[in-house]
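What follows is one structure encoded as structure tokens, with my remarks underneath.
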Amino acid sequence: MNHTIETMKNHRVFRHFKTGITMPKEDIQAIIDCARQAASWMNGQHYTIINITDEELRKQIAALQPANPQVATCSIFLIFIADLHRSELCSQAYNGTFTAASHSDNLITAVTDASLAAQNAVVAAESLGYGTCYIGGIRMIAVHIIELLNLPKNTFPLFGLCIGTPDIEMRVKPRLPEHTVYAENRYPDDQTLSDGLEAYEQTMTEFGEAREKLPYREKFARYYSSTEPKNEPLIFQQGWLGSGQHD
């Protein structure tokens, strides 16, 4: 099998890393180079990647994420930022108004660009034999990350990425049935999706992942029943989506 395809099909999340292992600089550079080569809208590269190399800063971030201790133990920890700040500087250089920046499509653009870059980084890291783990919890402490990393307006911290040498082996997690996430020409009907979700719930129950405390569908039923606004006020504060849309 093609090595790249084999690497991607063997993707697993690792949350336990061997401590005290320093990644060679050339490996880190290769990962960053691959991330930066990702496709982006208009070649805007609407993201910034921040490598947390300061030990005290890493400890501070890890302390804010007690559910993700791997932030402190992985070899390198990257934070991916949705970023329109450079676009603002481009606008200033040519006397632009920058008024379109608050359009919702531009938030989608920046999130997409950052996500593509991050996935390139994951594939590169795993091809070099490292384990990886995304940290979506960064969004839950975004107000602290903005302050700690001195993020300007028109940026937003999306997620972190742990990279290191795994300390324990992990199984490849089953995915949703293909017919629930892949279709030709038309979106799948609800019965097809519901049957697939029910079957997958049973698959994941049998898989027995220790971190999962609820059946698959119930987990999302509970999550999407919450009316807590989460990061909306902070997103507006950072200049995204316009100042009047949250009134």
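Throughout, residue positions are numbered sequentially from 1 according to the sequence presented.
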Counting N and O atoms only, with roles assigned by atom type, does the side chain of Asp113 sit under 3.5 Å from a partner on the main chain of Trp41, one being a donor and the other an acceptor?
-> yes

Search all heavy atoms of Ala124 against all heavy atoms of Ser127 and return the closest pair with its distance.
-> O-OG, 2.7 Å

Donor-acceptor side-chain pairing of Asp27 and Gln29 below 3.5 angstrom = no

Taking every heavy atom of Ala35 against every heavy atom of Tyr47, the minimum-distance pair comes out as O-OH, 3.6 Å

Has the side chain of Arg86 got a donor or acceptor atom that lies under 3.5 Å from a matching backbone atom of Thr48?
-> no

Yes or no on side-chain contact (heavy atoms from CB on, under 4.5 Å) for Val13 and Lys173, after CA distance, side-chain angles and deciding distance?
-> CA-CA 9 Å; Val13 171; Lys173 188 183 298 184; 5.8 Å; no

Check whether any side-chain heavy atom of Pro157 sits under 4.5 Å from a side-chain heavy atom of Leu151, and report yes or no.
-> yes

Are Thr155 and Asp83 linked by a side-chain donor-acceptor pair shorter than 3.5 Å?
-> no

Is Lys59 paired with Glu56 through a side-chain N to carboxylate O contact shorter than 4.0 Å?
-> yes

Ala183 and Arg186 have their tightest heavy-atom pair at CB-O, 3.3 Å

Does Phe207 reach the side chain of Pro174, with side-chain heavy atoms less than 4.5 Å apart?
-> yes

In one Ile/Leu/Val/Met/Phe/Trp/Tyr side-chain cluster, 4.5 Å: Leu57, Ile28 = yes

Would you check, one step at a time, whether the test side chain to side chain donor-acceptor pair (under 3.5 Å) holds for Glu206 with Gln202?
-> CA-CA 6 Å; Glu206 293 171 358; Gln202 181 61 34; 2.9 Å; yes

Are Tyr200 and Val181 co-members of a hydrophobic cluster defined by side-chain heavy atoms under 4.5 Å apart?
-> yes

Side chain to side chain, Leu158 and Ile138, heavy atoms closer than 4.5 Å = no

Check: Ser75 side chain, Ile21 main-chain N or O, donor-acceptor pair, under 3.5 Å = yes

Fit a plane to each ring of Tyr216 and Phe220, take the angle between them on a 0 to 90° scale, and name the class: parallel (under 30°), tilted (30 to 60°) or perpendicular (over 60°).
-> perpendicular

Indicate whether the side chain of Asp33 and that of Gln37 have a donor and an acceptor atom separated by less than 3.5 Å.
-> no

In Å, rounded to the nearest 0.5 Å, how long is the span from NE2 of His46 to CG of Asn154?
-> 11.0 Å

Could you please spell out the steps behind the side-chain contact (heavy atoms from CB on, under 4.5 Å) verdict for Leu78 and Ile50?
-> CA-CA 6 Å; Leu78 308 175; Ile50 299 182; over 6 Å; no

Sidechain-backbone polar pair: Thr180 side chain, Leu176 backbone, donor-acceptor under 3.5 Å | no

Considering residues, nucleotides and ligands other than Lys219, do more than 12 of their heavy atoms fall under 6.0 Å from its NZ?
-> yes

Side chain proximity check, Arg58 to Asp54, heavy atoms < 4.5 angstrom = no

Rounded distance [0.5 Å steps], CG in Leu128 versus CD1 in Ile163 = 9.5 Å

May I have all residue pairs that pass ring pair (Phe, Tyr, Trp, His ring centres under 6.0 Å) and include part of residues 49-79, sequence neighbours excluded?
-> none

Check whether any side-chain N or O of Ser40 sits under 3.5 Å from a backbone N or O of Gln45 as a donor-acceptor pair, and report yes or no.
-> yes

Heavy-atom distance under 4.5 Å between the side chains of Met23 and Ile31, does that happen here?
-> yes

Which pair of non-hydrogen atoms, one from Ala110 and one from Trp240, has the smallest distance, and what is that distance?
-> CB-CH2, 3.8 Å

Residue pair Ser102, Leu241: steps toward the side-chain contact (heavy atoms from CB on, under 4.5 Å) verdict | CA-CA 4 Å; Ser102 63; Leu241 302 180; 5.9 Å; no

Exam field: side chain Thr203 to backbone Ala199, donor-acceptor pair closer than 3.5 Å = yes

Is there a chain of hydrophobic side chains (I, L, V, M, F, W, Y, each step under 4.5 Å between heavy atoms) that links Ile135 to Ile49?
-> yes

Does Leu64 reach the side chain of Val71, with side-chain heavy atoms less than 4.5 Å apart?
-> no

Report the residues that fulfil ring-ring contact (aromatic ring centres under 6.0 Å, His included) with Tyr134, sequence neighbours left out, ordered by chain and then residue number.
-> Phe159

Out of curiosity, does Tyr187 fall in the hydrophobic cluster containing Leu197 (side-chain heavy atoms, cut-off under 4.5 Å, transitive links)?
-> no

Where Phe14 and Pro166 come nearest, the two heavy atoms and their spacing | CD2-CB, 3.4 Å

Could you tell me the separation between the CD atom of Gln70 and the CZ atom of Arg15, rounded to the nearest 0.5 Å?
-> 6.5 Å

Kindly give the heavy-atom pair with the smallest separation between Ala121 and Leu161, and that separation in Å.
-> CB-CD2, 4.0 Å

Glu6 side, atom CD; Glu126 side, atom CD - distance, nearest 0.5 Å = 12.0 Å

Please check if the side chain of Glu201 supplies one atom and the backbone of Arg217 the other of a donor-acceptor pair under 3.5 Å.
-> yes

Evaluate the side-chain proximity of Phe17 to Asp167: yes if any heavy-atom separation is below 4.5 Å, no if none is.
-> no

CG on Leu84 to CG on Leu107, rounded to 0.5 Å = 8.0 Å

Evaluate the criterion side-chain contact (heavy atoms from CB on, under 4.5 Å) for residue pair His85 and Lys153; output intermediate values, then yes/no.
-> CA-CA 7 Å; His85 181 64; Lys153 276 203 167 186; over 6 Å; no

Give a yes or no on this: more than 12 heavy atoms of other residues, nucleotides or ligands lie within 6.0 Å of atom CD of Glu26.
-> yes

Taking C-beta and beyond as the side chain, do Gln237 and Phe156 meet within less than 4.5 Å on heavy atoms?
-> no

Is there a donor-acceptor pair closer than 3.5 Å between any side-chain N or O of Ser91 and the backbone N or O of Ser87?
-> no

Does the Asn231 side chain pair with the main chain of Arg139, one donor and one acceptor, at a distance under 3.5 Å?
-> yes

Nearest 0.5 Å please: distance from the CG atom of Asn68 over to the CE atom of Met140.
-> 11.5 Å

Cluster question for you: counting only ILVMFWY and a side-chain heavy-atom cut-off of under 4.5 Å, with indirect links fine, are Met170 and Val122 together?
-> no

Thr192 and Asp189: side chain donor to acceptor below 3.5 Å | yes

Give a yes or no on this: more than 12 heavy atoms of other residues, nucleotides or ligands lie within 6.0 Å of atom CZ of Arg211.
-> no

CD/Glu55: more than 12 non-hydrogen atoms of other groups inside 6.0 Å | no

Main-chain N/O of Asn10 paired to Arg12 side chain as donor or acceptor, under 3.5 Å = yes

